2 protein chains.
Amino acid sequence: MTTCIKCGNVENVVRSGFVRGKQRMFCKACNLYFTITPHNHLTTKKPHQTTIIDIAKVLGISPSTVSRALNNSTEINENTRQEILRVANELDYRPNFLAQSLNRGETHTIGVIIPDIQRPFFAGVVAGIQKVATEAGYRVMICQSNESHHTETLNVQALVTSRVDGLLISHSKETNSFEHVKLQLKKGLPIVHFDRVCNEVDTAKVIQEDFSGGFALIEHLISQGYKRIAILAGPADLLISKTRIDGYKAALEKHGIEVDEDLIYHSNFSKEESVKALDYWLSLPQKPDSIFTIHYANGIEMIMALKERNVRIPEEIGIVAFGDELIASLIEPSLTTFHQFPFKIGETAAGILIENIINKESFVPYTKVIEGELIIRKSSLKTNRKYNQQA
Amino acid sequence: MTTCIKCGNVENVVRSGFVRGKQRMFCKACNLYFTITPHNHLTTKKPHQTTIIDIAKVLGISPSTVSRALNNSTEINENTRQEILRVANELDYRPNFLAQSLNRGETHTIGVIIPDIQRPFFAGVVAGIQKVATEAGYRVMICQSNESHHTETLNVQALVTSRVDGLLISHSKETNSFEHVKLQLKKGLPIVHFDRVCNEVDTAKVIQEDFSGGFALIEHLISQGYKRIAILAGPADLLISKTRIDGYKAALEKHGIEVDEDLIYHSNFSKEESVKALDYWLSLPQKPDSIFTIHYANGIEMIMALKERNVRIPEEIGIVAFGDELIASLIEPSLTTFHQFPFKIGETAAGILIENIINKESFVPYTKVIEGELIIRKSSLKTNRKYNQQA
DNA sequence: GTCGTTTTCGGAAACGTTTCCGATAGTTTA
DNA sequence: TAAACTATCGGAAACGTTTCCGAAAACGAC
C-alpha cells in the first residue's frame, strides 16, 4: 500500500518496526529503509529575534557581508554598510550573544560569588564590580553561596558552565578546602579573590586592612583606658578572622597586656552566638571592660544586648567593631568602627580581574590592600577628649 | 619562482595582487588563484574546557551518543552510559551553556533590572528572586539602572542580547515612557513588573499595598490625634508615589480632614530634598504636626534633621514611613513603618515570571498584591496606649 | 591594453550541543 | 523461520555568528 519514497515501487515495500513511534518501512527493491511522517505541517515561522540572516535575505546579500557591516570591518562598501544598518535598525536587530560568544570563545561575562547579597558590605562590593565591569563592556553574573561550602562549589560549576571569562570570589565562612577553585585555575580560568580570600591558591587578591584595622581599634581602646578587651571572632578557619585576631593580639602585646584566651570567642556571626558570648563574658569572675567584634552587625547586637542588661556604654563596657554601616552612626550610643570601603573593594577587584582576563598569559597575581579608616564614636569614648580623631 | 599548489607548474605562476597583506598568485596553467601563507605553524592545541567531542574521541564513539548519555536519553545502553559518565567525570566535563542555549533556543536565564542593589529593599528582592530561580534551574542576571531611564533602556537591550528567557523590572524613578518594554513584549519576551510597575503595559505585576499601606499609616496618625499631616512623596510620574498619595488623601477624607497641597512635597528621595521639604514645612505659618515619608530612608533622615533642630518626636511632630528596615527599630526614637516584604516580593515575581515563561502561549497577565504590615513604634506614639498594635 | 593592485563580496568552516533521521544487529512473534 | 520489532548507535543538520579563503570587478600605471 505504501510507495517507496525513492524508487516509487509499491509491491516490495514492507513494514519494518517502529522508530520513535513512527511506522518504519523497508523497500526490498531499492534496499531502502524509511519512515512515514504524518504530514510536514505548514512551516509556521514563529516570530523571533531578527538575525543577520533575516537582514541578508531582505537585501539579497550574504550573511557574512551583514556581519562585516555590523562589526565595522573595512572590507565593505560604505553604501552597503549604510543600507544594512538601516535595515538592522528597522528590524530592531540585536546580535545573539550566545552565537557570538560561542564563536569567539569568550563571553565578556564575569562571575561573582558572594555569601549574601543582603549584607550591605557585599551589596556595595557588587555595585563597585558592576560599575567597572559595565564600563569595560563586561556583563556580571552574581551567585550567592549562602555561607555554604556546597552551594559555593555548585556556584563555581554553574558559572564555568556559563563560560564566564573570569571569577570573583569571596568565600563562605564554611569553606575550608579550595579544590573547586584550584581545579578551574588549573584549567586557565582567571580568578580574583576579595575580602574572604585564601592563601592556598595563587590568585590575585583584594583585601582590607584586617591586621592594622584590628590593631588600630584595639590601640584606640587602650588609649581610652580599657585593659580587659574581649574579641568576638569568626569561625576558626576563616582567614580574615585569624588576621583580625592577630591585629588584636599584636596591639595587646605592644602595650604589655597579656592575651587571655577566655576573652577570645569564635562565633558564626549569628545573633544568638553574640548574646551567648556576651553572657559568658559577663559571667566571668574577671569581666572584660570592652569588646571588639570583627563583624559590625555583631557590634550592633552587643549594644542592644548590653542596653537590655542595663550595662552602661561606654562607661562599664566599651564597644568597637570592624566594618561600618549607616546604622553605626545612628544607634545610641553610636558605634566606633573601622570603616572599610566595599564599593572600592569591588571596583578594584573587578579591575584586576579584567586585567587578568586581557593579559591572560603575562599576568602575575598580586595582592592589593584597600585602606580602611578608624571612625571613633561614642561607644568607646570613656574619656571625652578624642571624639572623631584617631588615637 | 613559485610552484602552483595544484598543478605544480612553476613557469605560468604570476603574482596577482595582495589579499589581506598576503601575496596572491595566479596560475595560468590551471587557472587557479591562491595565496601564500608563511607556514602552517604547528597546531598548538590549547588547553580548553573538555567538550563532548573530547569524550567521544577518547571512547571512539560519536558525539551524539555522548550527548544521549549525558541527557538521560533512553536510547542508549546502560554500560555505554556508565563508561561515558566515567570519562566525563574524569575530564571534569562541564556542558557548554552557550552551545546548549543556542541549540535549544532558551537560556534558562532571567534578567532583573533594579534601580540600585545597595538599597536593602532591592537586595532583599534579588535574594528572593535568586532563591526561586535557582530552585527552578534558572540563572539570574542583574542590572542596575541607577535610577536612569537611559541606562534602563541599555539594560533591556543588553539582556535581550544575552537572550534571557524573561525579564523582571522595577522601573527607575526617571522612567516615564515605556517603549523599550513594549517593544520586547511585542517580540514575545515574557516580562513581569514588580514594585515600581507601570500600568501602560500589559504585563503581570507584583505590587505592595501602596494604597492601603498609606491609608493605614495615616489612619494611625489620626488616631494618635495628629491633624496636619505632611507627606514627602516621590517624583510626580512615579506610580507607587501616586498610589501612596491616594491612600494618604483617602484616609484624610474619611476623617474629614481637608487636603492641603502645601503639605504635599514631591522629592527625588535624596537627603537634600528631605531637609529642604522639612525646612519649608517648618517655615509655614501653620506647621504640620506629623510627616509621612513614602520612602523609609527619608523617614530616618527626617528624624535626624528634627533632632538637630531640637524638635521633639513624637510630641511636636510625629513621623511615619513606608518601608521597614532594621535601622527603623534601632534609631531613637524608633520609627513607625509600613513593613513590606521584599524577599517575598522577589519570590513571587520570579515565580510568576517562570510560570509565564513555561506557559508562554496560554499565560494571562495578572496582578498580585503582597500584603504589608503596620509596625507602630515610638515616632508616632503621642498617646502611650497603643504601642505595637494596629490602630 | 596589459598587468599588478585594490575593493568588495560570497561560500564555507568553525564554535559545542541537541536532535532528527536513518541503519544495524539482535529479539520476539506468529 | 520469516516477518515484525526493539535497542542502540552514527551521521548530519541546525542554532547564529565570525572569519578564513578565495573570486570577481574595478582601478591604476606603464
Side-chain angles (χ1 to χ4, degrees), chain A residues 5 14-20 22-26 28 31-37 48-56 59-71 73-81 84 93-107 161 163, chain B residues 14-26 28 31-37 48-56 59-71 73-81 84 93-107 161 163:
Chain A
I5 56 172
V14 293
R15 281 184 287 176
S16 169
F18 282 88
V19 181
R20 278 164 297 267
K22 284 182 294 188
Q23 178 61 257
R24 184 147 168 273
M25 312 302 283
F26 178 65
K28 289 191 256 185
N31 221 11
L32 176 75
Y33 287 92
F34 60 93
T35 55
I36 303 180
T37 38
H48 60 172
Q49 290 284 352
T50 63
T51 71
I52 58 170
I53 300 181
D54 294 329
I55 300 177
L59 292 170
I61 59 180
S62 99
S64 51
T65 306
V66 178
S67 175
R68 272 185 280 259
L70 265 26
N71 287 294
S73 163
T74 55
E75 295 187 14
I76 189 170
N77 183 287
E78 191 53 33
N79 295 331
T80 316
R81 180 202 304 282
I84 292 174
Y93 169 78
R94 304 277 158 221
N96 186 320
F97 164 78
L98 300 165
Q100 278 184 331
S101 301
L102 181 59
N103 183 283
R104 294 191 181 140
E106 53 182 26
T107 54
T161 292
R163 293 298 188 274
Chain B
V14 294
R15 280 183 288 175
S16 169
F18 282 88
V19 180
R20 279 164 296 269
K22 284 182 294 188
Q23 178 61 257
R24 183 149 171 270
M25 312 303 281
F26 178 63
K28 290 192 248 185
N31 222 10
L32 175 77
Y33 287 94
F34 61 94
T35 55
I36 302 181
T37 39
H48 60 172
Q49 290 284 352
T50 62
T51 70
I52 58 169
I53 299 181
D54 295 329
I55 301 177
L59 293 170
I61 58 179
S62 99
S64 49
T65 306
V66 178
S67 175
R68 273 186 279 260
L70 266 25
N71 287 295
S73 163
T74 55
E75 295 186 15
I76 188 170
N77 184 287
E78 191 53 33
N79 295 331
T80 316
R81 180 203 304 282
I84 292 173
Y93 168 77
R94 304 279 158 221
N96 186 320
F97 164 78
L98 300 165
Q100 279 185 330
S101 301
L102 181 59
N103 184 282
R104 295 204 250 245
E106 54 181 26
T107 54
T161 292
R163 293 298 190 271

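The figures that follow rest on heavy atoms only: side chains count, while hydrogens, waters and symmetry mates do not. What you see is a predicted model, and the numbers here were worked out from it, not measured in a lab. Proteins get letters first, then strands, A, B, ... in listed order; numbering begins at 1 in each.
Using a 4.0 Å heavy-atom distance criterion, A:Y93 is classed as a sugar-phosphate-only contact. Across all strands shown, B:S101 has no heavy atoms under 4.0 Å from either base or sugar-phosphate atoms. Counting any heavy atom pair closer than 4.0 Å across all strands shown, A:I52 reaches a base atom. Across all strands shown, B:L98 has no heavy atoms under 4.0 Å from either base or sugar-phosphate atoms.
When all heavy atoms of A:S62 and A:A56 are compared, the closest pair comes out as C-CB, 3.9 Å. Minimum interatomic distance between A:F97 and B:L98 (heavy atoms only, all atoms of both residues): CE2-CD2, 4.4 Å. A:I53 and A:P63 make their closest contact through CG1-CG, 4.3 Å (heavy atoms, listed as atom of the first residue, atom of the second, distance). Between B:I84 and B:T65, the closest heavy-atom pair is CD1-O, 3.9 Å. Across every non-hydrogen atom of A:N79 and A:N77, the tightest pair is N-OD1, 2.7 Å.
If you measure from atom CZ of A:R104 to atom P of C:dG16, you get 16 Å, rounded to the nearest angstrom. What separates CD1 of B:I53 from P of C:dC15 is a distance of 7 Å, to the nearest Å. A:I55 has its CD1 atom 13 Å from the P atom of D:dG16, to the nearest Å. Atom CD1 in B:I76 sits about 16 Å away from atom C1' in D:dT6, given to the nearest Å. Rounding to whole angstrom units, CG of residue A:L102 and P of C:dT17 are separated by 9 Å. Rounding to whole angstrom units, CZ of residue B:R163 and P of D:dG16 are separated by 8 Å. Atom CD1 in B:I84 sits roughly 12 Å away from atom P in D:dT8 (whole-Å rounding). Taking atom CG of B:N79 as the reference point, atom P of D:dA7 lies 15 Å away to the nearest angstrom.
Here the nucleotide nearest the side chain of A:A99, chosen from C:dT18, D:dG16, C:dT17, is D:dG16. Of the listed nucleotides (D:dG16, D:dC9, C:dT18), C:dT18 has the atom at the smallest distance from the side chain of B:N71.
Residue A:Q100 has a polar side-chain atom (N or O) positioned under 4.0 Å from OP1 or OP2 of D:dT18. The phosphate of C:dC9 has neither OP1 nor OP2 within less than 4.0 Å of any side-chain N or O from A:T65. The phosphate of D:dT17 (OP1 or OP2) has no side-chain N or O of A:S67 nearer than 4.0 angstrom. Proximity of A:N77 to the phosphate of C:dT8: a side-chain N or O atom is located under 4.0 Å from OP1 or OP2.
For residues 93-105 of chain A, every residue pair satisfying the side-chain hydrogen bond (donor to acceptor under 3.5 Å, both in side chains) rule, not counting sequence neighbours, is listed here: A:D92-A:R94.
Evaluation of the side-chain hydrogen bond (donor to acceptor under 3.5 Å, both in side chains) rule for B:N71 yields B:S67 as partners, not counting sequence neighbours. A:T107 pairs by the side-chain hydrogen bond (donor to acceptor under 3.5 Å, both in side chains) definition with A:D165, not counting sequence neighbours. Residues satisfying the side-chain hydrogen bond (donor to acceptor under 3.5 Å, both in side chains) criterion with A:T50, sequence neighbours excluded, are absent altogether.
Comparing the helix axis at one end of the helix from C:dG1-D:dC30 to C:dA30-D:dT1 with that at the other, each defined from 5 consecutive pairs, gives an inter-axis angle of 40° (nearest 10°).
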Please produce a list of atom pairs where a protein N or O lies less than 3.5 Å from an N or O of nucleotides 11-14 of chain C.
from: C:dA14; atom 1: N3; to: A:N103; atom 2: ND2; distance (Å): 3.4

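A donor-acceptor pair is defined here as one N or O able to donate and one able to accept, closer than 3.5 Å; no such pair exists between the side chain of A:R68 and the backbone of A:R81.
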